[in-house]
Amino acid sequence: MPKTKSKKKGQQAAKPDEPVLSKKELAAQKRQAAKERQAFIQTVTTAGGLGAVVGIALFFAADVKLAIAGGGGITVLWISFVYPYLALWLFTIYMPFAGTVTYWIGGGNAIFQLAKDGFAFPAMAAIFLELKKKGKPIIIPKQIQKPLIILIGFVLATLFVVNLPLHIASANPPTGPMARKPPEGKFFFMGILGMKVLLGYIPLITCTYYLIRNKKDFLRFTRLHVVLAIICCGLGLMQYMMLITGACKGTDHLTGDALFKATLDAKCLVGGSLVYSPSQGMIRLPGTFVAPWQWAWFLIGNTFLTFASAFSDPSLIWQLISFLGMALVFANAVISGQRIALLLVPVIIVIMLVLTGQLSKPARFIPIVGGLALLIVLSFILFPDVIQERIDSTVDRWNASPPTGFITEQAEHASHGQRPLGYGVGRATNSTRMFGETRLIETYYPKLIYEIGTLGVLAFLGLVTAITVTSFKIWRSLKDKVWRSYAASFWVFIFFISYQTYYYPLDVDPVAVYYWMIVGLMLRLPDVEREDVEERAARELDEDENAKTKKKKKRKR
């Protein structure tokens, strides 16, 4: 056989569809990479130096926690604006641990609660400025432009027609014995924060679309979420083990109402407030998040994400890792004490098996169903008291207040005496309580009716409907089974979150972020599929040419 020529030093093997680079081009690439590394180091050094100066000043002027928040905040803001796409990756990684950082490092300081936005908002601003400079579309997809503008119009109208007069009246209350006192609060600032909660993460659609440039970025994103789910769920299991072994006290030693109330004094290993009173059948664990119900929605959201990777990832290794993620999500749904997680996680898996076409693949479907059945049986064996308590609690809660009746009651309550523009943006949003008293409405769309009125809710429904329809069309337009399976999983998530109204996951982490990012991810799928098809076609063509070359060589011999 003829000897193959060895590659010269400095040359790289090119992919079938990539041109071979000359020595000059390779050298130019190396110089450019070196310049980029140097610029990054300079930026981090400068931002870190300024952050250190601010932190030292705050340390002497205030305390350690404020020094960490101030110094770290300056550094993060600067780097996020200069390197927006890196900031989005860091934002995605940091968010599931934000509750742990807030309470274990920041002691519950409000500044630490906003730390994640130090990654997100400067990055979004920088990306939008770059897109405007380059003349690229900012609102993606086009189908949401009109609904989004209409929604913003109604929200701004409520802010200036309802919130602002209330703010002025509260600041200058009328005097006199017969004067009616207005509610107390800084309602305009409440409205600004309420707008941030309602609309603040919508730009993530566009930012995620441009963040995911190709197939490699797409898989990096989905696999990152699998890794985060495994880490967080692993910490959740450790939290539970520390409680049942007594390493953490929980709340079972308390008396009276304290046995049933989540408290920060009982926080364990990670996350924030929890309830652990097994003697009373009361368990509510927060995992790595601030509160238990946020953990429940993290588990629900990651059921979709781990399922998508488990059945669609091109790599067998990552499929197995994703199945591990699914198992850990299910295990935490069992031990977390959250009724909604225990109910929805298995239901979502069954629905996804049907809609993604996995039932038509017996060789794959049967082992998965068997594995899920085994998990359920093991859960009953290992945690019989927990599961029985959850079942009894769910049945009791359903009998006392069925979800349909509860939602209807909340809607009627919120609509009573309804005004065209509502009672004010943010006035039923938990995170705005720092500016005044808020109203407790535990379902999402009734909450929106109270805040921005019926017309505002119709505008919001128009926006999520445009997103849902556009995503559905993308799903049905894909031809490749791998990307079509991803799209099916994402669309079910988008549809589910768009119209569900039980509690308000679109108000807080993590779903308030995941929803808009997955919409952007969905919009990029047609390009990812096109790239993958072209790569495979080029690879097959190259293999055919190699095969023909080998045949010719054999004939010559």
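Quick note: residue numbers are just sequence positions, from 1.
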**Student:** A side-chain contact here means heavy atoms from C-beta on lying under 4.5 Å apart; do Val513 and Phe91 qualify?
**Tutor:** yes

**Student:** To check you understand the geometry: which heavy-atom pair defines the closest contact between Pro122 and Leu77, and what is its length?
**Tutor:** CG-CD2, 3.4 Å

**Student:** Please give me the minimum heavy-atom distance between Leu235 and Leu269, naming the atom from each residue.
**Tutor:** O-CD2, 3.9 Å

**Student:** Write down the atom of Ser498, the atom of Thr468, and the distance for their closest heavy-atom approach.
**Tutor:** OG-OG1, 3.3 Å

**Student:** Would you check if the distance from the ring center of Phe304 to the ring center of Phe490 is below 6.0 Å?
**Tutor:** no

**Student:** With a sphere of 6.0 Å drawn around CD of Gln145, does it hold more than 12 non-hydrogen atoms of other residues, nucleotides or ligands?
**Tutor:** yes

**Student:** Is a side-chain donor or acceptor of Ser477 paired with a backbone partner of Ile474 at a separation under 3.5 angstrom?
**Tutor:** yes

**Student:** Tell me, do Phe121 and Tyr201 make a side-chain contact under 4.5 Å, heavy atoms counted?
**Tutor:** yes

**Student:** Do Tyr276 and Met282 come close enough that some side-chain heavy atom pair is under 4.5 Å?
**Tutor:** no

**Student:** Are any side-chain N or O atoms of Thr501 and backbone N or O atoms of Tyr445, one a donor and one an acceptor, separated by less than 3.5 Å?
**Tutor:** yes

**Student:** Is it the case that over 12 heavy atoms from other parts of the model lie below 6.0 angstrom from the NZ atom of Lys186?
**Tutor:** no

**Student:** Could you check whether any side-chain N or O of Thr432 sits under 3.5 Å from a backbone N or O of Met190, counting only pairs where one atom can act as donor and the other as acceptor?
**Tutor:** no

**Student:** Is the shortest heavy-atom distance from the side chain of Ser273 to the side chain of Leu264 under 4.5 Å?
**Tutor:** yes

**Student:** How many angstroms lie between CG in Leu204 and CE in Met124, if you round to the nearest 0.5 Å?
**Tutor:** 5.0 Å

**Student:** Please determine whether a side-chain nitrogen of the Lys or Arg among Arg213 and Asp527 lies less than 4.0 Å from a carboxylate oxygen of the Asp or Glu.
**Tutor:** no

**Student:** Output the distance between atom CE (Met195) and atom OG1 (Thr158), rounded to the nearest 0.5 Å.
**Tutor:** 10.0 Å

**Student:** With a 4.0 Å cut-off, would you call Asp507 and Lys447 a salt bridge?
**Tutor:** yes

**Student:** More than 12 heavy atoms of other residues, nucleotides or ligands under 6.0 Å from CZ of Arg476: is that the case?
**Tutor:** yes

**Student:** Is the Phe495 ring parallel, tilted or perpendicular to the Trp491 ring (thresholds 30°, 60°)?
**Tutor:** parallel

**Student:** Dump the intermediate steps for ring-ring contact (aromatic ring centres under 6.0 Å, His included) on Tyr503 and Tyr444, then the final yes or no.
**Tutor:** CA-CA 6 Å; Tyr503 288 108; Tyr444 190 63; over 10 Å; no

**Student:** Please work out which of the three classes, parallel, tilted or perpendicular, describes the rings of Tyr514 and Phe298, given edges at 30° and 60°.
**Tutor:** tilted

**Student:** Listing request: all side-chain hydrogen bond (donor to acceptor under 3.5 Å, both in side chains) pairs with a residue in residues 119-141, at least two apart in sequence or in separate chains.
**Tutor:** Glu130-Lys134

**Student:** Using only heavy-atom distances, determine whether the side chains of Thr100 and Thr288 contain a donor-acceptor pair under 3.5 Å.
**Tutor:** no

**Student:** So how far is it from Leu148 CG to Ile467 CD1, rounded to the nearest 0.5 Å?
**Tutor:** 8.5 Å

**Student:** Roughly how far, to the nearest 0.5 Å, is the CG atom of Leu193 from the CE atom of Met434?
**Tutor:** 5.5 Å

**Student:** According to the interplanar angle, ranging from 0 to 90°, do the rings of Phe435 and Phe189 count as parallel (below 30°), tilted (30 to 60°) or perpendicular (above 60°)?
**Tutor:** tilted

**Student:** What is the ring orientation for Tyr486 with Phe218, classed by angle as parallel under 30°, tilted 30 to 60°, or perpendicular over 60°?
**Tutor:** perpendicular

**Student:** Is the closest side-chain donor-acceptor distance between Asn430 and Tyr504 under 3.5 Å?
**Tutor:** yes

